[in-house]
Asks: 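Just passing along the structure, written as C-alpha cells.
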Amino acid sequence: MMINKFPKNFLWGGAVAANQVEGAYLEGGKGLTTVDLLPTGENRFPMMLGKVENYTPKENEFYPSHEAIDFYHRYKEDIALFAEMGFKSFRLSISWARIFPNGDDAEPNEAGLQFYDDVFDELNKYGIEPVVTLAHFDVPVHLVKEYGSWKNRKVVDFFEKYAKTVFTRYKDKVKYWLTFNEINMLLHLPYVGAGLIFKEGEDKQQVMYQAAHHQLVASALAVKAGHEIIPDAQIGCMLAAGMTYPYSCNPDDIQKAMDQDRESFFFIDVQSRGKYPGYAKRFFAENNIELEMEADDEALLSKYTVDYIGFSYYSSRATSTDPEVLKDKTGGNVFDSITNPYLEASEWGWTIDPKGFRITANQLYDRYQKPLFVVENGLGAIDQLDEDNEVKDDYRIAYLREHIKQMGEALKDGVEIIGYTSWGPIDIVSASTGEMKKRYGYIYVDRENEGKGTLNRSKKQSFDWYKQVIESNGENL
Ligand code: BG6
C-alpha cells in the first residue's frame with residue numbers, strides 16, 4: 001500500500017522563538033537573557049562568538065530582542081491570524097528568564113507563568129496545539145555571570161527545576177515539547193546555543209563538549225520529568241538538519257561529508273539512541289577531550305530517550321577535501337559549506353535544495369526510526385511593499401511549495417512525519433543577523449532593522465496560499 005497523503009491529524013502550523021518575537025524584555029519580572037545582549041549590525045557577530053565584554057546593554061547599540069515584534073502585547077491578534085490560516089499547531093519557546101529571572105531563583109515568577117498560561121489559553125480557544133521549546137537560544141544572564149552557564153554542572157539542576165515547573169503548570173495545556181532548539185548549534189555558536197564565553201587559554205572544544213554533555217543530561221532529565229508529570233507528553237529533541245553532500249565520489253570526500261554530519265548526529269544519537277556513539281568516543285580520545293560524568297549519567301541517557309525527532313531544514317550542505325574546491329564557501333545557518341553548483345541560494349547565501357529535504361528526512365528516519373516533526377523550514381527574504389501596500393511573495397510560495405512537495409515524497413518513502421511548522425509565520429527578528437529585513441512570514445510586520453515602524457500586521461500573498469495548503473491537507477499547493 002502506498003502512503004501518498006499527509007496523515008489526517010498532520011500538525012500544520014508555524015514556529016517562533018520567545019526572544020525573536022516577544023519583546024517586553026524586562027516586563028513582567030523577566031530577567032536579562034544572553035540574547036538581550038546581542039545588537040543588530042556588525043557588533044553582533046563578535047558577541048555571538050563569545051567575546052562579550054560586559055553584561056549590560058550599551059547605550060549606543062540597538063538590541064532587537066528588547067522589543068522584537070511585541071508579541072508579548074499582541075499575541076491575541078497574532079494568534080487570531082494564525083487561526084485564520086487554519087493552523088493546527090504553533091511552536092513557540094518559553095523564555096527561561098520569564099519563569100526564573102536569574103535562573104537560580106528559589107521560586108518561579110508568577111507573572112511569567114501567567115503570560116504563557118494566557119498564550120496557551122488563546123491557542124486552545126482556536127484548537128491550535130502548542131509545541132513548546134524549553135530552551136531556544138536564551139540563557140538567563142545571571143547564570144552566565146555566576147556559573148559560566150552550561151560549562152557548569154549546577155546549571156543542569158536549575159534547568160531541571162525550570163522544566164519541572166513548566167511541565168507542572170502547563171500539564172493540561174501542552175502535550176508536545178522540545179528540549180533544546182538546534183542542540184548541535186552549540187558547536188557553531190557557543191554563546192547563542194549555550195551562553196558560553198571562553199576564557200583566555202581555555203580549550204574551546206573541551207568546554208563545548210562538556211557543556212554539550214550537560215545539555216544532554218538536562219534533556220534526558222526533562223524527558224523523565226515530562227513523562228512523569230504529563231503521562232501523554234511527547235518530548236522531542238531538535239536538530240539543525242541538512243545533509244552534507246560529498247563534492248565528488250572520491251572516498252576522502254565521502255568520509256569527510258560523513259564526519260561533518262556526525263558532528264551534528266552525535267547529539268541526536270545520544271538523545272534518541274541513548275548512548276555516546278563509537279565515533280564520538282574516538283573523536284574525544286583523539287582530541288584529548290575528557291568528559292566529566294556523574295555515576296548515573298549514562299543510565300539516565302539510556303533510559304530517557306526522546307519520543308520524536310524535531311528538526312529544522314533550510315538547506316543542504318556540501319564539502320570536499322580538495323583545497324581548490326574548498327575556496328568556494330557559501331553561507332547557510334552558520335554551517336560551513338561549499339557552493340553547490342547545481343543549486344541556487346537565497347539572498348543570504350543559504351542554498352535552496354527542496355530535494356535535500358526529502359533526502360534529509362529519509363536519512364533521519366533511517367537512522368532513528370522515530371516519528372519526525374519538521375519544526376522549522378522557510379525562506380528568509382527581503383520583501384517589498386508594492387503600490388497597494390502589499391507583499392507579493394511568490395518567491396516564498398515557490399520555496400515552500402517545493403519543500404512541501406518533497407515532504408510528500410518523503411511520506412511516500414514511508415517516512416513518518418507528524419507535523420510541519422514553517423519558520424516565522426509572522427515576520428520576526430533574525431537569529432543570526434538580528435535584522436528585521438530578513439523576513440520569513442505570511443504576515444508582514446511594519447518594523448525596520450533599527451526599530452522604526454508601527455508594528456502593524458498585514459497579510460502577504462503567501463497568507464492565503466498557506467491557508468489553502470492547510471485546508472486541503474497538503475493537496476492543493
Ligand atoms: C534556526 C533557528 O537556526 O534558524 C531560528 O532555530 C532562526 O531561531 C532560524 O531564526 C532562521 O535563521 P535566521 O538567522 O534567518 O533567523
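Both backbone and side-chain heavy atoms feed into the values below; hydrogens, waters and symmetry mates do not. Here, residue 1 is the first one in the sequence, and each next residue gets the next number. One-based numbering, in listed order, for ligands and for the atoms of each.
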Asks: Around K164, counting heavy atoms of other residues, nucleotides and ligands shown, do more than 12 lie under 6.0 Å from its NZ?
Replies: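 Counting neighbours around NZ of K164, 12 or fewer heavy atoms of other residues, nucleotides or ligands fall under 6.0 Å, so no.
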Asks: Under 3.5 Å, is there a donor-acceptor pair linking the side chains of T133 and R91?
Replies: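 The criterion, which ignores hydrogens and geometry beyond distance, is satisfied for R91 and T133.
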Asks: Which of the atoms of ligand 1 are close to A431, meaning less than 4.0 Å from one of its heavy atoms?
Replies: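 Listed by number with element: 7 (C), 8 (O), 10 (O), 13 (P), 14 (O), 16 (O).
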Asks: Are D118 and K76 within salt-bridge range, i.e. N to O under 4.0 Å?
Replies: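 No.
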Asks: Side chain, backbone, both or neither: which applies to Y314 and ligand 1 if a contact is any heavy-atom pair less than 4.0 Å apart?
Replies: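 Under 4.0 Å from ligand 1, Y314 contributes side-chain atoms alone.
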Asks: Please indicate whether any nitrogen or oxygen in F137 is less than 3.5 Å from any nitrogen or oxygen in ligand 1.
Replies: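 There is no such contact.
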Asks: Rounded at 0.5 Å granularity, tell me how far CZ in R457 sits from CG in D78.
Replies: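 R457 atom CZ to D78 atom CG measures 4.0 Å (nearest 0.5 Å).
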Asks: Closest by any non-hydrogen atom to atom 4 (O) of ligand 1: pick that one out of H188, M238, E376.
Replies: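 Nearest heavy atom to atom 4 (O) of ligand 1 lies in E376.
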Asks: Is there any N or O on W350 that sits under 3.5 Å from an N or O of ligand 1?
Replies: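 Min N/O separation from ligand 1 is not below 3.5 Å for W350.
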Asks: Can you check whether T433 has an N/O within less than 3.5 Å of an N/O in ligand 1?
Replies: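 No; the residue has no nitrogen or oxygen that sits under 3.5 Å from a nitrogen or oxygen of the ligand.
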Asks: About how many Å separate CZ of F357 and CG of N362, when rounded to the nearest 0.5 Å?
Replies: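 Nearest 0.5 Å value for the CG-CZ distance: 11.0 Å.
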Asks: Check each heavy atom of N181 against ligand 1 and say whether those closer than 4.0 Å belong to the side chain, the backbone, both or neither.
Replies: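 Looking at N181 and ligand 1, just side chain atoms fall under 4.0 Å.
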Asks: Of the options I230, V223, L178, T305, which is the one that meets I235 in a side chain to side chain contact (heavy atoms under 4.5 Å, CB included)?
Replies: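 Only one of I230, V223, L178, T305 forms a side chain to side chain contact (heavy atoms under 4.5 Å, CB included) with I235, namely V223.
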Asks: Should Y440 be listed as contacting ligand 1, given a heavy-atom distance under 4.0 Å as the test?
Replies: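 So Y440 counts as touching ligand 1.
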Asks: Atoms of ligand 1 less than 4.0 Å from S430 heavy atoms?
Replies: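 So the answer, numbered in order with elements, is 13 (P), 14 (O), 15 (O), 16 (O).
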Asks: Counting each atom of ligand 1 from 1 as listed, which ones have a heavy atom of K438 under 4.0 Å away?
Replies: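 So the atoms of ligand 1 that pass are 13 (P), 14 (O), 15 (O).
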Asks: If we set the cut-off at 4.0 Å for heavy atoms, which region of A17 has an atom near ligand 1: side chain, backbone, both, or neither?
Replies: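 Looking at A17 and ligand 1, no heavy atom falls under 4.0 Å.
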Asks: Is it true that H136 lies under 4.0 Å from ligand 1, counting heavy atoms only?
Replies: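 Yes.
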Asks: Salt-bridge test for K452 and E450: reply yes if a basic N is under 4.0 Å from a carboxylate O, no otherwise.
Replies: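 Here K452 does not pair with E450 in a salt bridge, since their nearest N and O are not under 4.0 Å apart.
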Asks: When you measure from the side chain of K30 to the backbone N and O of Y25, does any donor-acceptor pair fall under 3.5 Å?
Replies: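 A pair under 3.5 Å: yes.
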